[in-house]
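A quick write-up on the structure given underneath.
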Number of protein chains: 2
Amino acid sequence: MAQDLHPPAYLTDTDELVFLIEEVPRKLRRLFDASTARFGLTRTQWRALAYIFRTPGLTQTELAKCLELERASVGHVIDQLEGADYVERRAMEGNRRVWTLHLQPKAMQILPALREEAEAVYQRLFAGVSKDETAMLKRLLGTMSTNLEP
Amino acid sequence: MAQDLHPPAYLTDTDELVFLIEEVPRKLRRLFDASTARFGLTRTQWRALAYIFRTPGLTQTELAKCLELERASVGHVIDQLEGADYVERRAMEGNRRVWTLHLQPKAMQILPALREEAEAVYQRLFAGVSKDETAMLKRLLGTMSTNLEP
DNA sequence: GCTTTACCGTAAGACGTCTTACATTATGAT
DNA sequence: ATCATAATGTAAGACGTCTTACGGTAAAGC
């Protein structure tokens, strides 16, 4: 059997770091999806609800920017949320191209519970990481995100 | 038009950080895929090649652990790489359940160029980030990855 | 006013990954 | 030896996202 090598010596130090950058969100997504599964919601759906809660009347394109998804993907998410009676599309007066998005009562009811789930996941994620360290992490990731901007 | 809010005040500081943790790899993946597209390879395929290069004779299950993918997904990746003559499945003597994975000459030829592409992406990603900071980033992400271990 | 351009959402299809179920083969217990 | 259990890879199908192309609408140029 081939020896266990994590990671192989051929890969550079930077490779290892980049793999970590991808590994953490993958694990996080898995955990979070499990946590919210009882509501029948995915992480993206939950994020969408959060943004619509904060800014009622959002358009899908605006939401796409918030979620960093394509418009078509957001349309799909909203299809789901509308079908489950969490979200309502309303025509915007004066602009018949766009929908405005609003939460239904059913969504308002579950948001607090979802928040609790999120906090539980975060607590686990950041165990042993200090406030200063999370601040630095945020700053570094922010720089990197900007660096990758088109 | 709804005001631009990135991120909305409703979302906590931690939410923002978690969103960044997901945003960076997403942008990174997009950039990297564009860089390697000229070879007709995705990032995952390239990573698979790198691991097989380092440890010839890997099994698919071992590779799945390296890549943090499921076995079925790796099987699919190897199907592709084998179809493109980058990889060869060979029977393992003494265990007829498993395949061992080996690079074809075609793969060996392109690895250096792929490495150059990767370095170019990394240089952009880490612009303005010091060596100490990348070390800290690695340590923090490592902790977080461990925290999320099942 | 009319035309062109830009914007918004949808449709259709591709792709990558996951889950579940399964067939084959090894391993270990008795 | 036999049988139960575990390991390995595959098959089939679901899901989320992306890309491309398109129709409808608004805004801007002329």
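Throughout, protein chains are lettered first and strands after them, A, B, ... in sequence-line order, and every chain is numbered starting at 1.
- Between the P atom of dG9(D) and the CD atom of Glu82(B) lies a distance of 13 Å, rounded to the nearest Å.
- The side chain of Thr61(B) lies closest to dT8(D), out of dT8(D), dG9(C), dT10(D).
- Across all strands, Arg89(B) comes closer than 4.0 Å only to sugar-phosphate atoms, never to a base (heavy-atom distances).
- Contact between the side-chain N/O atoms of Thr44(B) and the OP1/OP2 oxygens of dG16(C) is not found at any separation under 4.0 Å.
- In this structure, the nucleotide among dT25(C), dG9(C), dG9(D) sitting nearest to the side chain of Asn95(B) is dT25(C).
- Side chain of Val77(B), nearest nucleotide from dT19(D), dT17(C), dT25(D): dT17(C).
- Minimum atom distance to the side chain of Arg97(A) is reached by dA26(D), of the listed dA26(D), dT8(D), dT19(D).
- Looking at Ile21(A) and Leu141(A), their side chains never come closer than 4.5 Å, going by heavy atoms from C-beta outward.
- Where Gln60(B) and Gln45(A) each meet DNA chain D at their nearest nucleotide, the meeting point lying more 5' is that of Gln60(B).
- Ile78(B) places its CD1 atom 13 Å from the P atom of dG16(C), with the value rounded to the nearest Å.
- In this structure, of dC8(C), dT17(D), dA11(D), it is dC8(C) that holds the atom nearest to the side chain of Arg71(A).
- Looking at the side chain of Thr42(B), the nearest of the listed nucleotides dG16(C), dT10(C), dT8(D) is dG16(C).
- Considering only side-chain atoms of Gln80(B), the nucleotide from dC18(C), dG16(C), dT17(D) that sits closest is dG16(C).
- You'll find the side chain of Thr14(B) reaches within 4.5 Å of the side chain of Phe126(A), heavy atoms only.
- Checking the phosphate oxygens (OP1, OP2) of dG16(D), no side-chain nitrogen or oxygen of Ser73(A) falls inside 4.0 Å.
- His76(A) has its NE2 atom 13 Å from the C1' atom of dG13(C), to the nearest Å.
- Here the straight-line distance linking atom OG1 of Thr55(B) with atom CG of Leu101(B) works out to 10.5 Å at 0.5 Å rounding.
- No side-chain donor-acceptor contact under 3.5 Å links Arg71(B) to the backbone of Gln60(B).
- Across the protein-nucleic acid pair, Leu69(B) atom CG and dC18(C) atom C1' stand 10 Å apart, rounded to whole Å.
- Atom C1' of nucleotide dA14(D) and atom CD of Glu70(B) are separated by 15 Å, given to the nearest angstrom.
- Nearest nucleotide to the Val98(A) side chain, out of dC8(C), dC18(D), dT17(C): dC8(C).
- Looking only at distances, no side-chain donor or acceptor of Thr100(A) sits under 3.5 Å from a matching main-chain atom of Met92(A).
- In this structure, the CZ atom of Arg26(B) is 7 Å from the P atom of dC18(D), given to the nearest Å.
- The CG atom of Asp79(A) sits 9 Å away from the C1' atom of dT10(C) (whole-angstrom rounding).
- Salt-bridge formation is not detected for the pair Arg26(B)/Glu22(B): no Lys NZ or Arg NE/NH1/NH2 atom is positioned less than 4.0 Å from an Asp or Glu carboxylate oxygen.
- In this structure, CZ of Arg47(A) is placed 14 Å from C1' of dG16(D), rounded to the nearest angstrom.
- Of the listed nucleotides (dT10(D), dA26(D), dC18(C)), dA26(D) has the atom at the smallest distance from the side chain of Arg96(A).
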